[in-house]
Amino acid sequence: MKEIICTSQAELDAVAVDFDGRVIIKFGAPYNRAVVNRRFKYPVEARGNSSVVARDNSSVVARDNSSVVAWDNSSVVAWDNSSVEAWDNSSVVARDNSSVEA
């Protein structure tokens with residue numbers, strides 16, 4: 001499967017919504033999070049120590065030590081030591097040592 005690794009918001013925003021591959025986020029900090037506000041063909045993956053806000057109908061997989069704040073109708077699957085804060089109608093599946101605040 002093809003992959004695109006995004007290290008900035010501009011790179012993420014430039015990915016076509018119909019991209020036939022995995023979009024990987026490796027940027028964002030708790031006070032300057034990456035913003036995912038659309039659904040791609042496959043869930044976006046937050047890796048490393050990235051920090052992400054998932055909005056609208058987006059779908060994110062959090063891995064490693066990443067953190068996600070989920071809003072609206074977004075969905076998140078959390079793995080490893082990732083953390084998720086869920087709001088509105090968002091849904092979360094937590095695995096391994098991940099933590100969720102709903």
Side-chain angles (χ1 to χ4, degrees):
M1 177 181 295
K2 294 185 281 187
E3 292 183 347
I4 291 179
I5 297 175
C6 299
T7 59
S8 71
Q9 188 66 48
E11 289 177 358
L12 178 60
D13 292 343
V15 178
V17 73
D18 62 349
F19 172 67
D20 189 24
R22 184 174 292 123
V23 178
I24 299 169
I25 294 175
K26 287 191 172 183
F27 71 98
Y31 297 103
N32 188 20
R33 296 179 186 269
V35 177
V36 179
N37 54 14
R38 56 196 166 130
R39 184 175 290 272
F40 292 89
K41 185 171 182 176
Y42 300 100
V44 172
E45 288 195 15
R47 292 188 185 172
N49 292 315
S50 58
S51 191
V52 176
V53 173
R55 294 192 180 275
D56 302 326
N57 202 26
S58 60
S59 181
V60 176
V61 175
R63 296 193 181 276
D64 307 322
N65 293 311
S66 59
S67 65
V68 177
V69 178
W71 291 90
D72 309 320
N73 292 312
S74 58
S75 64
V76 178
V77 177
W79 290 90
D80 309 320
N81 292 313
S82 57
S83 64
V84 178
E85 184 177 327
W87 295 85
D88 303 326
N89 292 318
S90 55
S91 64
V92 178
V93 175
R95 306 254 193 255
D96 302 330
N97 292 318
S98 56
S99 63
V100 176
E101 180 179 331

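When a residue number appears, it is its place in the shown sequence, counting from 1. Here the structure is a predicted model, which means the values were calculated and not measured.
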Given the rule that I, L, V, M, F, W and Y join up when any side-chain heavy atoms are under 4.5 Å apart, are V60 and V35 in one cluster? no
Determine whether I4 and V44 fall in the same hydrophobic cluster, where Ile, Leu, Val, Met, Phe, Trp and Tyr are linked whenever their side-chain heavy atoms lie under 4.5 Å apart. yes
How long is the span from the [atom1] atom in [X] to the [atom2] atom in [Y], to the nearest 0.5 Å?
X: I25; Y: R63; atom1: CD1; atom2: CZ; answer: 13.5 Å
X: N81; Y: N65; atom1: CG; atom2: CG; answer: 5.0 Å
X: I5; Y: E45; atom1: CD1; atom2: CD; answer: 10.5 Å

Tell me whether R33 contacts the main-chain N or O of V53 through its side chain, where contact means a donor paired with an acceptor under 3.5 Å. no
Taking D56's backbone N and O only, do any of them form a donor-acceptor pair with R38's side chain (distance below 3.5 Å, no angle check)? no
Non-hydrogen atoms of V76 and V68 that approach each other most closely: CG2-CG1, 3.7 Å
Could you pull out the closest heavy-atom pair between A70 and S90, with the gap in Å? O-OG, 3.5 Å
Thinking salt bridges, do D20 and K41 make one under a 4.0 Å N-O criterion? yes
So, S66 versus S82: side-chain donor-acceptor pair below 3.5 Å or not? no
Side chains of S75 and S91: do they bring a donor and an acceptor to under 3.5 Å? no
Report yes if some heavy atom in the side chain of V77 is under 4.5 Å from a heavy atom in the side chain of P43; otherwise report no. no
For the residue pair F27 and E11, establish whether any side-chain heavy-atom pair is separated by less than 4.5 Å. no
Identify, with sequence neighbours excluded, every residue that meets ring-ring contact (aromatic ring centres under 6.0 Å, His included) alongside W79. none
